[in-house]
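Quick notes on the structure that follows.
If you're wondering where the values come from, they're calculated on a predicted model, not measured in any experiment.
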Amino acid sequence: MAAVTPPKQDRSRATRQKLLEAAVACLAEHGWAGSTVSAVAMRAGVSRGAAQHHFPTREDLFTAAVEYVAEERSAALRAVPVQDRAAVVTALVDLYTGPLFRAALQLWVAASNEEQLRPRVSELEARVGRETHRIAVGLLNADESRPGVRETVQGLLDMARGLGLANVLTDDTARRRRVVAQWAAMVEEALG
C-alpha cells in the first residue's frame, strides 16, 4: 500500500509555519544581524529556495514572523481566563518577558535602522498595540468611559513592555514580581 502524501496546500502551509517558527527563534536567539534567510531555512529544515518561495525577501520573512508573533501573543491573551485583575496583570506582563517579545524586540531595533523595514514594522506594531489594548480592556473588565481608565490600561501595557526590556539583559524575576504586585493593586484601585 502506497503512503498517502498530504495535499500540496497542506505541505505548503506546514513549510510556511516551520519557517515562521524558525524565524522567531532565530531573532530571539541571534538578533537581526545573526538572522538570515539561510539560517532560518536551515533551522526549519527546508531549502533556501523553499524559504524564498514563501518569503521573497528577508524583510518579508521577518515581518511575517513578527506578525506571527503578534497573532500568537493575541491568542495567548485571549486564552487567559477572566479571573481576578492581579492574575490578568501578571499574565499581561508574562507576555512581554518571553521569547515572543524578545523576537519582536529584535525586529523593532532593526527597523529603527533599516529604512525599508521601518514602515512595515511601525504599521504592524500599531495594529498589535490596538489589539492588545482591546483584549486587555476586556480581560480587566475595564470601563473606558470612566476618566483615566483608558490611560490606566495603557500605562499597564507600557509598564509590561518596560519590564520586558529590563528582562532582556538579566533575569529580573524577583524585582518584577514586586513591581507587578504593586501595579496590580494600583490597577484594581483605579478600575474599581
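Considering every non-hydrogen atom in both Ala22 and Arg43, the closest pair reads O-CD, 3.8 Å. The two residues Leu117 and Ala110 make their nearest non-hydrogen contact at CD2-CB, 4.0 Å. Here the closest non-hydrogen pair linking Val168 and Leu105 is CG2-CD2, 3.5 Å.
The structure places CG of Asp94 at 10.0 Å from CG of Asn167, a figure rounded to the nearest 0.5 Å. Note that CZ of Arg13 is 10.5 Å distant from CD of Gln17, once rounded to the nearest 0.5 Å.
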Indicate every side-chain donor-acceptor pair of residues 152-162 with a distance under 3.5 Å to a residue at least two apart or in another chain.
residue : atom : partner : partner atom : Å
Thr152  : OG1  : Gly148  : O            : 2.8
Gln154  : OE1  : His133  : ND1          : 3.0
Gln154  : NE2  : Asp158  : OD1          : 3.2
Asp158  : OD1  : Arg161  : NH1          : 3.1

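At distances below 3.5 Å, not a single donor-acceptor pair connects side-chain atoms of Arg85 with backbone N or O atoms of Leu139. Here the side chain of Arg146 pairs a donor or acceptor atom with the backbone of Leu191 at under 3.5 angstrom. Counting only distance, with no hydrogens or angles, the side chain of Asp172 and the backbone of Arg175 share no donor-acceptor pair below 3.5 Å. With hydrogens and angles disregarded, no donor-acceptor distance shorter than 3.5 Å links the side chain of Thr132 to the backbone of Gly129.
One finds a salt bridge joining Glu115 and Arg118 here, because a Lys/Arg side-chain nitrogen approaches an Asp/Glu carboxylate oxygen to under 4.0 Å. Salt bridge Glu67/Arg127: present, at least one basic N to carboxylate O contact under 4.0 Å.
By the neighbour-count criterion of 12 heavy atoms within 6.0 Å, atom CE of Met42 is sparsely surrounded, having that number or fewer from other residues, nucleotides or ligands.
In this structure, Arg58 forms a cation-pi arrangement with Trp32, its terminal cationic atom sitting closer than 6.0 Å to the ring centre and no more than 45° off the ring axis.
Residues Val24 and Glu72 fail the side-chain proximity criterion, which asks for heavy atoms closer than 4.5 Å.
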Evaluation steps, side chain to side chain donor-acceptor pair (under 3.5 Å), between Ser145 and Asp143: CA-CA 5 Å; Ser145 68; Asp143 178 4; 2.5 Å; yes
CA sep, side-chain torsions, deciding dist, call: Glu21, Lys18, salt bridge (charged side-chain N to carboxylate O under 4.0 Å, His left out): CA-CA 5 Å; Glu21 290 172 359; Lys18 282 194 243 178; over 6 Å; no
